[in-house]
Amino acid sequence: MYVCICNGVTDHAIREAAARGVSSLEELTMRTGLASGCGSCADVARDILDEARTPLIRPFPLRLAIAA
């Protein structure tokens, strides 16, 4: 979906930028132009960027000790 209509930046582009090491909205703005127009996309873009930069936490399965 388009996040920044002013500059045509999609959620996919934000996730790709995060995968390439972009870690702040300021850097994302420098690289894509996102939020440099009206700025109404900044909050959504920041949420997507934070989500993309947060590693998924997968709990280890519990192994129960079986008494013999």
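Computed from a prediction, not measured in an experiment: that's the story for all the values here. Values below: all heavy atoms of this structure, side chains included; hydrogens, waters and symmetry mates excluded. Along the sequence shown, the residues carry numbers beginning at 1.
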How close do [X] and [Y] get, heavy atom to heavy atom, and via which atoms?
X     : Y     : answer
Gly21 : Arg53 : CA-NH1, 4.1 Å
Cys41 : Val3  : CB-O, 3.2 Å
Ala42 : Leu25 : CB-CD2, 3.8 Å
Val22 : Glu27 : CA-OE1, 3.7 Å

*Look only at the side chain of Thr29 and the backbone of Leu34, and say whether a donor-acceptor pair between them is shorter than 3.5 Å.*
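Answer holds: yes.
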
Here the gap from Ile5 atom CD1 to Thr10 atom OG1, rounded to the nearest 0.5 Å, amounts to 10.5 Å

*Test log, rule side chain to side chain contact (heavy atoms under 4.5 Å, CB included), inputs Leu49 and Ile14*: CA-CA 6 Å; Leu49 183 61; Ile14 295 170; 4.1 Å; yes

So do Arg31 and Arg20 actually touch side chain to side chain, heavy atoms under 4.5 Å?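 In short, these two side chains do not touch, never coming nearer than 4.5 Å.
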
inquiry  = For Asp50, is there an ion pair with Arg46 - N to carboxylate O distance below 4.0 angstrom?
reply    = no

